[in-house]
Number of protein chains: 2
Amino acid sequence: MEPTSSFNIRTLSRACNECQLQDLCLPLGLSRGDIERLDKIVNRRRPLQRGATLFRQGEAFQALYAVRSGSIKTYSSTNGGEEQIHAFLLPGELLGLDAIGGGLHPESAVALETTSVCELPFDRLQSLAHEVDGLQRQLLRIMSRELNSDEQFMRLLANRSAEERLASFLLNLASRFELRGYSAQAFNLSMSRSDIGNYLGLAVETVSRLFTRFQQDGLIAVERKAIRLLERERLSELCNLGVPVAPPKHYQG
Amino acid sequence: MEPTSSFNIRTLSRACNECQLQDLCLPLGLSRGDIERLDKIVNRRRPLQRGATLFRQGEAFQALYAVRSGSIKTYSSTNGGEEQIHAFLLPGELLGLDAIGGGLHPESAVALETTSVCELPFDRLQSLAHEVDGLQRQLLRIMSRELNSDEQFMRLLANRSAEERLASFLLNLASRFELRGYSAQAFNLSMSRSDIGNYLGLAVETVSRLFTRFQQDGLIAVERKAIRLLERERLSELCNLGVPVAPPKHYQG
DNA sequence: CGGCAATTTGACCGGTCTCAAAGTGTGTGG
DNA sequence: CCACACACTTTGAGACCGGTCAAATTGCCG
């Protein structure tokens, strides 16, 4: 999960125009000139160390963030102290969108490994979006897509077995890595087993047992954080999560 | 100039400016003049009958919709034929936002009872939003808030018991009704038991048993679709108490 | 080497699902 | 208006997945 783990000044100073992640990130669809205007408002901060907090639940919302390298988890805590992980974010993905509505971050964001991010001050972003039409659209598109993936995830939580959940999780990670040019077969799980369990609504023990079983069945090979998907085909059979195709049944209720 | 037709003229012709739901809906925060401009692009269609489809999964995205009265459920089906309900929408709530990103509706929307909606053609909405600043912001806010409630719902699905899920569901409905000026104590469940179960990730039988138990415990009174929340206080305690908040490993009585 | 956290493994328990069937309303057609 | 069919809801019995508790193992890092 960390192809650019060592951070150098070149990485930091690289502008949106030269960023490999352009096609996944906010600039997508903007003209070169507009990207430059966007670039001017982006702050590139020094990398976060593993465990470092990007923002905390309850903090005032100031900026959106785009992951440039590394990975981040977002979570919220109840007053009881329980923690619920909401997402793992990979390079090119935007976070903080859920804070626009309320003006406060409803969740905290923490680096899972050495991670660098681009900071996008929201007020400046919004005035720019007022002028640059494509930016506005892209922002809406990104939020819409996030609504979508949240919906899919809810379906996963609502009626899938532990096995299906973990398989889906692995395949989801794989395809996201692939999109970013990394291997979909072998990658690093930057999050702990207990993070995975929390995210998927499973006990740590269940996650651990499933990893063992998947490995025994020859589906995957795991060694600590490193994982290889040996049988992506059979893995996806495990989760009969369907692509929307079938016409809806007639309403009966 | 004339949304007036043969049916229910009073309801249909009511413009955004006079709509009771203004404060919950898209116009929120707009000036009277801007609301009028928004009003011009809104189509008020004739009411949907119970079971009627507003849009189907896979259809091209053309417009957002605001519920004006009644209620709607949205759901997606897998190619296996299973159906997963994603949301129940009440007056003042917007639907179709998840289609902006992909250009296709990822889910279907069906009326749960006689329901009227306002149609907001998205292209026209977007050009208007380009001029009217507050509209753009309000759109983002609404989407952001939806992301938020999705997150909360995921937490519910990920680690709450059946009891907590149903209690939360009822309280959520109650507060939404209250916001709209209806009673929070007594309202109608326009969706079937099996819809509720599907939505909450529970078997119908479990939902039914819980209704019975809640009633025996004096928390609610149900008769078919009609429900009264007798002890909202105790209900909300159910939402927090089911899972021990701070796991006292070495607790000493 | 030693302490601590994360992971794994085992045993057991319980909540929820599944299967089955009875009960209750609702709508339709005669 | 009644009879019947069908869908929805409720109730019961039993099975099973996954959670909890407990303990062993491994890896990490001073």
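Just so it is clear, the model here is predicted, and its values are computed rather than measured. The chains referred to below are lettered A, B, ... by the order of the sequence lines, with proteins before strands, and numbering in each begins at 1.
- Protein atom CD1 of B:I196 is 14 Å distant from nucleotide atom C1' of D:dT10, rounded to whole Å.
- Residues passing the salt bridge (charged side-chain N to carboxylate O under 4.0 Å, His left out) test with B:R224: none are found, sequence neighbours excluded.
- Remark: A:T212 pairs with A:Q216 by the side-chain contact (heavy atoms from CB on, under 4.5 Å) rule, at least two apart or across chains.
- Whole-Å rounding puts the B:N198 CG to D:dT9 P distance at 13 Å.
- A search for ring pair (Phe, Tyr, Trp, His ring centres under 6.0 Å) contacts involving A:Y65 returns A:F55, not counting sequence neighbours.
- In this structure, CD of A:E223 is placed 13 Å from P of D:dT26, rounded to the nearest angstrom.
- Residue pairs meeting the salt bridge (Lys or Arg N to Asp or Glu O under 4.0 Å) criterion with at least one member in residues 197-217 of chain A, sequence neighbours excluded, are A:E163-A:R213.
- Applying the salt bridge (charged side-chain N to carboxylate O under 4.0 Å, His left out) rule to B:E231 yields the partners B:R234; only residues at least two apart in sequence or on another chain are considered.
- One can place CZ of A:R160 at 17 Å from C1' of D:dG18, the figure rounded to the nearest angstrom.
- When each of D:dG18, C:dC17, D:dT9 is scored by its nearest atom to the side-chain atoms of A:S161, the top-ranked nucleotide is D:dG18.
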Listed pairs, N/O of protein and of nucleotides 2-5 of chain C, under 3.5 Å:
none

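- Taking the side chain of B:K225 as heavy atoms from C-beta on, and the options D:dT9, C:dC17, C:dT7, the nearest nucleotide is D:dT9.
- In this structure, B:H105 has its ring center closer than 6.0 angstrom to the ring center of B:F61.
- In this structure, B:R228 has no salt bridge (charged side-chain N to carboxylate O under 4.0 Å, His left out) partners at least two apart in sequence or on a different chain.
- For A:E119 and A:R45, the salt-bridge test passes: some basic side-chain N is under 4.0 Å from an acidic carboxylate O.
- Sorted by first and then second residue, the side-chain hydrogen bond (donor to acceptor under 3.5 Å, both in side chains) pairs with a member in residues 165-187 of chain B read B:E93-B:R176, B:E93-B:R180, B:N172-B:R176, B:E178-B:R232; sequence neighbours excluded.
- Contact annotation for B:G201: backbone-only contact, meaning every heavy-atom pair under 4.0 Å involves sugar-phosphate atoms and none involves a base.
- Helix-axis bend for the helix from C:dC1-D:dG30 to C:dG30-D:dC1: the local axis fitted to the five terminal pairs at one end deviates from that at the other end by 40°, rounded to 10°.
- By the ring pair (Phe, Tyr, Trp, His ring centres under 6.0 Å) test, A:Y199 is found to be paired with A:F88, A:F153, A:F169, residues two or more places apart in sequence or in another chain being considered.
- Looking at which nucleotide of DNA chain D each of B:R193 and A:V207 is closest to, the 5′-most match is held by B:R193.
- Judged by distance alone, with hydrogens and angles left aside, the side-chain atoms of A:N148 form a donor-acceptor pair with the main-chain N or O of B:D98 at under 3.5 Å.
- For the salt bridge (charged side-chain N to carboxylate O under 4.0 Å, His left out) test, residues two or more places apart in sequence or in another chain that qualify with A:D195 are A:K73.
- Within 4.0 Å of A:S208, counting heavy atoms only, lies at least one base atom of the nucleic acid.
- Contact between the side-chain N/O atoms of B:T212 and the OP1/OP2 oxygens of D:dT11 is found at a separation under 4.0 Å.
- The nearest whole Å value for the distance from the CZ atom in B:R213 to the C1' atom in D:dT11 is 14 Å.
- Rounded to a whole Å, the CZ atom of B:R50 is 11 Å from the C1' atom of D:dA7.
- In this structure, A:Q215 atom CD and C:dT9 atom C1' are separated by 15 Å, rounded to whole Å.
- Rounded to a whole Å, the CG atom of A:L166 is 17 Å from the P atom of D:dC17.
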What does nucleotides 18-24 of chain C look like as a protein-contact string, B for base, S for sugar-phosphate only, - for none, at under 4.0 angstrom between heavy atoms? BBB----
